[in-house]
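Take a look at the structure set out below.
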Amino acid sequence: MSKSRIQKPSPNSPAHLITILFVLMVAALLLLTQRFISAKKNEVMPSPSVQGIVNTPYISANGTKLYVNGEQYQFTGVNAFHLGSLSGTNAGCGGEEKDLTKFFSTLRLNSVVRTWAFQGGIATNVQTKQTDWSGLDRVVQAASQSGIKLILTLGEQAGTCDDGRWKDRSWYESGFAQIQSDLKNGLTPLSYLDYVRQVVSRYKDSTAIAMWEPINEPIAADCTGAKGTSCFAKQTCTDEAAATKALRHFFDTVGGAIKTIDKNHLVSSGVIGDGQCGAIYEDYAYIHQSPGIDVASYHDYGRETQAMPGDQWNGLQKRLTQMKQIGKPLIVGEVGMLAMDNSKQCMSYIERRDLLKAKMDAQFAAGIAGFIPWDLTNSTSKICNYDIVANDPTQTLLREYPVLMGVATPKPTKAPLPKPL
């Protein structure tokens with residue numbers, strides 16, 4: 001059989017014209033597709049993981065993560081509560097650190113140092129009984145020049161080194177707005193709330209501040225027959241719901257006051273987190289839903305060999321799960337272990353370092369944003385205590401532990417003085 005031949009259409013035939021139009025349409029479509037693909041390649045589209053992150057030298061939060069200068073920030077640091085003490089000027093809390101620059105030099109850039117900034121012990125002149133920022137100015141300036149970030153804690157649950165007042169439920173309901181002084185020494189002339197407004201106004205522009213912490217370890221428990229630190233043994237929590245409501249009101253009000261003044265810095269809760277009055281079980285999540293709080297807190301003591309401390313109801317993993325649901329970061333604001341070399345009463349410094357590393361491995365992997373052991377002294381000790389001393393192997397661990405410390409803010413040649421109020 002012969003194969004039939006297909007004849008070419010005439011150049012002027014309708015079939016030929018249709019073919020030409022079809023080819024042109026296909027070519028135009030291919031050109032438009034190519035241009036669209038090229039444009040999409042060059043278009044800057046925020047990915048879900050970076051959307052909303054701001055490039056700022058102030059620490060910011062996005063979901064459960066912290067950022068600084070546009071990079072994720074998952075820090076190590078130390079507690080050093082005594083840094084604001086200044087002999088002859090304030091009452092202090094712990095001994096004066098003579099050389100703050102030397103003290104900060106033992107830490108790596110962007111480390112966080114948590115320190116007390118109480119009205120009674122740090123910000124009032126012992127002679128004039130007037131507000132005196134000399135002690136805090138000294139700390140903030142040295143931190144700025146050293147590339148260190150500070151958590152400034154503005155009050156203390158038992159009133160230690162401050163007003164001596166145990167913060168019961170009534171204090172969290174309204175007492176924080178009233179002048180208080182169980183010590184009657186004239187060193188707390190302002191109400192707590194007025195003091196917060198002043199200290200935040202003074203340092204609101206400093207890039208050395210990591211975040212504010214209204215109270216160290218807030219517990220809305222009542223106390224009968226005791227004062228100050230003695231209340232830890234005599235505290236009672238007869239109404240958890242009322243205690244939770246009081247804490248939430250405090251965070252809403254004080255955190256809100258801080259944020260009204262300061263648009264730059266975060267606010268951390270400072271709570272212990274393992275089941276204290278006002279923050280038990282799901283109440284922990286409720287108080288951290290406060291718009292006045294940006295960062296959750298957990299303190300880790302007494303569980304040296306438990307990498308993830310606590311139980312299924314009030315443990316660290318439970319708190320991390322709650323914060324993931326809320327969308328806020330969590331830091332371990334204190335973690336302490338008793339240690340001393342050549343002692344039968346407690347572990348050695350090397351043993352403590354190894355146990356701290358086990359905690360860091362587990363807790364950073366679980367999602368914490370920062371880890372701050374208690375307490376760097378850079379001195380020597382002859383007793384079994386929580387101090388991280390000179391040449392302590394824990395210092396090397398904190399300097400070298402592989403976490404995302406963010407991009408360091410350039411250190412100023414001379415730190416600017418805060419503006420006078």
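Model, not experiment: these values are computed from the prediction.
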Q: Determine yes or no for a side-chain-to-main-chain donor-acceptor pair under 3.5 angstrom, with Glu173 supplying the side chain and Ala246 the backbone.
A: no

Q. Among pairs that include at least one residue of residues 208-221, which meet salt bridge (charged side-chain N to carboxylate O under 4.0 Å, His left out), considering only residues two or more places apart or in two chains?
A. Arg114-Glu213

(Q) For a side-chain contact (heavy atoms from CB on, under 4.5 Å) check, start with the C-alpha distance between Val332 and Ile372, then their side-chain angles and the critical distance, and finish with the verdict. (A) CA-CA 6 Å; Val332 177; Ile372 317 176; over 6 Å; no

**Q.** side-chain hydrogen bond (donor to acceptor under 3.5 Å, both in side chains) against Arg353, all qualifying residues, sequence neighbours excluded
**A.** none

Q | Short side-chain to backbone donor-acceptor contact, Gln363 and Met308, under 3.5 Å | A | no

(Q) Going by the rule side-chain hydrogen bond (donor to acceptor under 3.5 Å, both in side chains), which residues pair with Asn264 if we only count those two or more places apart in sequence or in a different chain? (A) none

Q) Checking Trp212 side chain against Val196 main chain: does a donor-acceptor pair fall under 3.5 Å? A) no

Q: Not counting sequence neighbours, which residues clear side-chain contact (heavy atoms from CB on, under 4.5 Å) with Ala242? List them please.
A: Arg169, Asp239

**Q.** Proximity of Tyr58 and His265 rings by center, below 6.0 Å
**A.** yes

Q: Could you list all the salt bridge (charged side-chain N to carboxylate O under 4.0 Å, His left out) pairs where at least one residue sits in residues 378-394, not counting sequence neighbours?
A: Arg352-Asp392

Q. With a cut-off of 6.0 Å (strictly less than), are more than 12 heavy atoms of other residues, nucleotides or ligands near NZ of Lys245?
A. no

Q. Would you find a donor on one side and an acceptor on the other, under 3.5 Å apart, between the side chain of Tyr73 and the backbone of Asn110?
A. yes

Q) Tell me, which pairs form a salt bridge (charged side-chain N to carboxylate O under 4.0 Å, His left out) where one or both residues lie in residues 145-163, sequence neighbours left out? A) Asp163-Lys167

Q: For Leu398 and Gly77, work out which heavy atoms get closest and say how close.
A: CD1-O, 3.7 Å

Q.
Quick one: does any side-chain atom of Glu351 pair with a main-chain N or O of Leu355 as donor and acceptor, under 3.5 Å?
A. no

Q: Sequence neighbours left out, what passes side-chain contact (heavy atoms from CB on, under 4.5 Å) with Asp132? Give chain and number order.
A: Thr89, Asn125, Ser134

**Q.** Side chain Asn79, main chain Gly333, donor-acceptor under 3.5 Å
**A.** yes

Q: Specify the closest pair of heavy atoms between Ala243 and Cys277, including all atoms of both residues, with the distance to one decimal.
A: CB-SG, 3.6 Å

(Q) Salt bridge or not between Asp294 and Lys328? Use side-chain N to carboxylate O under 4.0 Å. (A) no

Q | Polar side chain donor-acceptor pair, Gln119 to Thr124, under 3.5 angstrom | A | no

Q: Determine the minimum heavy-atom distance between Gly88 and Val126, stating which atoms define it.
A: O-CG2, 4.2 Å

Q. Are Leu330 and Ser297 close enough that some pair of their side-chain heavy atoms sits under 4.5 Å apart?
A. no

(Q) Give me each pair satisfying ring pair (Phe, Tyr, Trp, His ring centres under 6.0 Å) with a member in residues 135-164, each pair once, sequence neighbours excluded. (A) none

**Q.** Closest contact, heavy atoms only, Tyr195 versus Leu154
**A.** CE2-O, 4.1 Å

Q. Does a salt bridge link Asp354 with Lys357, judged by any charged N lying under 4.0 Å from a carboxylate O?
A. no

(Q) Please find the pair of heavy atoms, one from Thr188 and one from Ile179, that lie closest to each other, and give the distance. (A) O-CG2, 3.7 Å

Q | Contact list for residues 63-75, test salt bridge (charged side-chain N to carboxylate O under 4.0 Å, His left out), sequence neighbours left out | A | none

Q) Any side chain to side chain donor-acceptor pair (under 3.5 Å) pairs touching residues 272-290, not counting sequence neighbours? A) Thr244-Asp283, Asp252-Ser290, Ser269-His288, Asp274-Gln276, Asp274-Arg303, Glu282-Lys318, Glu282-Gln322

Q: Only counting residues at least two apart or in another chain, list the ones meeting side-chain contact (heavy atoms from CB on, under 4.5 Å) with Gln178.
A: Ser174, Gln180

**Q.** Main-chain N/O of Tyr203 paired with Ser206 side-chain donor or acceptor, under 3.5 Å
**A.** no

**Q.** Main-chain N/O of Lys102 paired to Ser105 side chain as donor or acceptor, under 3.5 Å
**A.** yes

**Q.** Closest approach of Leu86 to Gly135 (non-hydrogen atoms, all atoms of both residues)
**A.** CD2-N, 3.9 Å

Q | Side-chain heavy-atom pair Tyr67, Ile59 within 4.5 angstrom cut-off | A | no

Q. What residues form a side-chain contact (heavy atoms from CB on, under 4.5 Å) with Phe364, not counting sequence neighbours?
A. Gln74, Thr76, Met360, Ile368, Phe371, Tyr401, Val403

